[in-house]
There are 2 protein chains.
Amino acid sequence: MAGGRPRTFDSEAALDRALEVFWRQGYEGTAISDLTKAMGINNAPSLYNAFGNKEQLFSKVLDRYADGPARYIREAFDQPTARGAVEALLHGAADATTDPDHPRGCITVQGALACSPGAQTAREELTARRAAGEAGLRARLERAVDTKELPADADPAGLARYFTTIYQGIAVQAAGGATREQLHQIVDTAMTAWPSRA
Amino acid sequence: MAGGRPRTFDSEAALDRALEVFWRQGYEGTAISDLTKAMGINNAPSLYNAFGNKEQLFSKVLDRYADGPARYIREAFDQPTARGAVEALLHGAADATTDPDHPRGCITVQGALACSPGAQTAREELTARRAAGEAGLRARLERAVDTKELPADADPAGLARYFTTIYQGIAVQAAGGATREQLHQIVDTAMTAWPSRA
DNA sequence: CCGGATTTATAGCCATTGCTAAAATACCCC
DNA sequence: GGGGTATTTTAGCAATGGCTATAAATCCGG
């Protein structure tokens, strides 16, 4: 009743299940036994054999997150205008963080904001991913200055930080129980700060 | 070398030490042994005797937080104008979340955003405290409508959610390493959304 | 139908988790 | 100085943490 060749086991589906658990419980609140149970893996050794240790699994899960539930982030940058990109990003966040098919909030924010010394690596990985998102937004806004969509005196770095702050605040609000409609309204208010050509 | 009457042990100072640990490591990332070490208590039983269990200690720590490092929040509401109150609140957050004498961020946000089922009580307590802060802000903004500082068609509840979102986003930004100056700039941008008397 | 490769499962590592009963100690008041 | 009280200590509970060595079971290629 044991063993055999690789059963072409669907590791993507398993990662999706692991994502749900990490998303809901955070890195430190998730035990290996929680993961094996959720992933349909019977024993811890099988999990370690397939995905490495907890940190490595978490990293793979974050990749899967970016390609799945958070794909809207990358897609937002494809909008023709920078303003459209920011709107797609933030309204997408309002939807994604309240999707009834997933835990509330954003794993990148709530996965490991504060944690014990033993989880610093996970925390730093999340910090880096958040910084990467902000940097991508800044790049898009810089381009908008070049194309004159934004005035020459606009501050792309400052605006990127502001809208990233909105994004992260939305994640906290969602984790606290805010409704989807309330979050969309927050986005509308936030967009008020968009620079007008004086 | 053991025992004795109550040594009028300074429990406030001990709570301040516990606050530092919970603040930096979160509820679930903090072990009782971390707390006893930081608080200058030799044994776990002494801690339980003095402060109850972990949840109760956490709650006491949050009270101490509200009266100490986060006192600026209550004080912000004393500003003569609602706009002044919001500015005091958010600029105060920019300072407090980057105070070199304390861990970065806000314990109310990063204490237990996502956690295991065993820490739900702590999570719910933080959620409630965040909601209470938002409710206080809403009340202040409703008063501003009454006094005509805000236009009659302003939405106090929506504005309170927006500025609370900024507040919480600032906490995440601070935890991620943003500088104090960057946070103050975010606040300035956020205040752009303040309703103007059309 | 067997040998070799591979993945399972069993069992257990060592450390720590939050928490507590019982015993030992030190203090204050009389 | 003795009695009573309060506290600290020692020791340990049952459970779990992440992780792994060993061994059993299964499949494939031949």
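Quantities reported herein were computed from a predicted structural model and do not represent experimental measurements. Letters A, B, ... are given to chains in the order of the sequence lines, protein chains preceding strands, and every chain is numbered from 1.
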Handout entry: B:L35 CG to C:dC19 P, straight-line distance once rounded to whole Å
Key = 11 Å
Completion exercise
Separation of C:dT25 atom C1' from B:N43 atom CG, nearest Å, is 13 Å
Problem - Sidechain-backbone polar pair: B:E149 side chain, B:A82 backbone, donor-acceptor under 3.5 Å - result: yes
Handout entry: Face-on cation placement of A:K54 at A:Y27 ring, 6.0 Å and 45° thresholds
Key = yes
Practice task
Answer yes or no: does a side-chain N or O of B:S46 lie under 4.0 Å from OP1 or OP2 of D:dT8?
Solution key: yes
Problem - side-chain N/O B:N42 vs D:dT8 OP1/OP2, d < 4.0 Å - result: no
Practice task
Please say which of A:R130, A:E125, A:R129 ends up in a side-chain contact (heavy atoms from CB on, under 4.5 Å) with A:T127.
Solution key: A:R130
Completion exercise
With B for base contact, S for sugar-phosphate-only contact and - for none (protein heavy atoms under 4.0 Å), nucleotides 16-23 of chain D reads -SSBBB--
Practice task
Apply salt bridge (charged side-chain N to carboxylate O under 4.0 Å, His left out) to B:E87 and list each qualifying residue two or more places apart in sequence or on a separate chain.
Solution key: B:R83
Problem - B:E28/B:S116 under side-chain hydrogen bond (donor to acceptor under 3.5 Å, both in side chains): CA gap, chis, key distance, verdict - result: CA-CA 8 Å; B:E28 213 156 28; B:S116 75; 2.3 Å; yes
Problem - Distance-only side-chain donor-acceptor flag, B:Q168 / A:Q173, under 3.5 Å - result: yes
